[in-house]
Amino acid sequence: MNVAICGYGAGNVRSVEIAFRRLGAQITTDVGAADLAVLPGVGSARAAMAGLRERGHDLALRERFDKGRPVFGICLGLQLALDWTEEDGGVDGLGLVPGRSTRLTAGRVPRMGWAEVDDRGAFYFAHSYAAETPHATAWSEGVVAEARFGSFVGCQFHPEKSGALGARYLEEALSLSRV
């Protein structure tokens, strides 16, 4: 199984790479040919989108999605897959998933630490913005925790930092490319 992690000059690329290697995945730089493309997420939306454009990952991810090939987003990666985010004064996203990302205004901001996701168990979160999309498939404390649309699956939490439960979630992400 080949996994391309779409780096953009910041983020959790190394920890995501290590987590997928533990599951037996081979890491590749070829986003188009990979079995699964991963959009990791740590950092600011504007810088991340600029980094994706510089590397051609924005176009490669859109092409994959248009062809029905699996794309998996983590945290900011979920937010960047949306149409738009209000972070950094407003930034256009990749437009893979209808919706937008808005700043959290209730509860703890930034929202950091472990939190339950529906009845799936506790995962590790670290974010100040959250997805608003009709394609939400899981929630945590009233916040979208997962969204699925077409060949895209994204989670607001960090499975690579969520222990055994996170590893099982990443195994599910790998299974997207086996369908």
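Just so you know, these numbers come straight off a predicted model, no measurement behind them.
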Query raised in the report: From L76 CG over to L39 CG, what is the distance, rounded to the nearest 0.5 angstrom?
Result: 7.0 Å
Report task. Could you tell me whether the side chain of S140 and the main chain of A145 form a donor-acceptor pair under 3.5 Å? Result -> no
Requested in this report: Spell out, as yes or no, whether a donor-acceptor pair under 3.5 Å connects the side chain of D35 to the backbone of N2.
Outcome: yes
Query raised in the report: Is a donor on one side and an acceptor on the other found under 3.5 Å between the side chain of D88 and the backbone of R46?
Result: yes
Query raised in the report: Looking only at side chains, do E86 and T102 share a donor and an acceptor under 3.5 Å apart?
Result: no
**Report entry** Electrostatic pair R69:E63 at N-O distance under 4.0 angstrom
**Finding:** no
Requested in this report: Output yes when E171 and R168 qualify as a salt bridge under the 4.0 Å nitrogen-oxygen rule, no when they do not.
Outcome: no
Query raised in the report: Between L174 and F72, is any pair of side-chain heavy atoms under 4.5 Å apart?
Result: no
Query raised in the report: Can you tell me if Q156 uses its side chain to pair, donor with acceptor, with the backbone of V143 under 3.5 Å?
Result: no
Query raised in the report: Would you say the side-chain atoms of S162 pair up with the backbone N or O of F123, donor to acceptor, closer than 3.5 Å?
Result: no
Query raised in the report: Does V153 share a hydrophobic cluster with F125, counting links as ILVMFWY side-chain heavy atoms below 4.5 Å and allowing steps through other members?
Result: yes
Query raised in the report: Are the side chain of H127 and the backbone N or O of Y129 linked by a donor-acceptor pair below 3.5 Å?
Result: yes
Query - Side-chain (D92) to main-chain (W84) donor-acceptor, under 3.5 angstrom - result: no
Query raised in the report: Under 3.5 Å, side chain of R64 to main-chain N/O of V31, donor-acceptor pair present?
Result: yes
Report task. Could you tell me whether R62 and D66 have a side-chain N and a carboxylate O separated by less than 4.0 Å? Result -> no
**Report entry** CG-CD distance between D83 and E132, expressed to the nearest 0.5 angstrom
**Finding:** 12.0 Å
Query raised in the report: Can any side-chain N or O of D30 pair as donor or acceptor with the backbone N or O of A33 at less than 3.5 Å?
Result: yes
Query - salt_bridge(E146, R120) N-O dist < 4.0 Å - result: yes
Requested in this report: Please work out which of the three classes, parallel, tilted or perpendicular, describes the rings of F157 and Y169, given edges at 30° and 60°.
Outcome: perpendicular
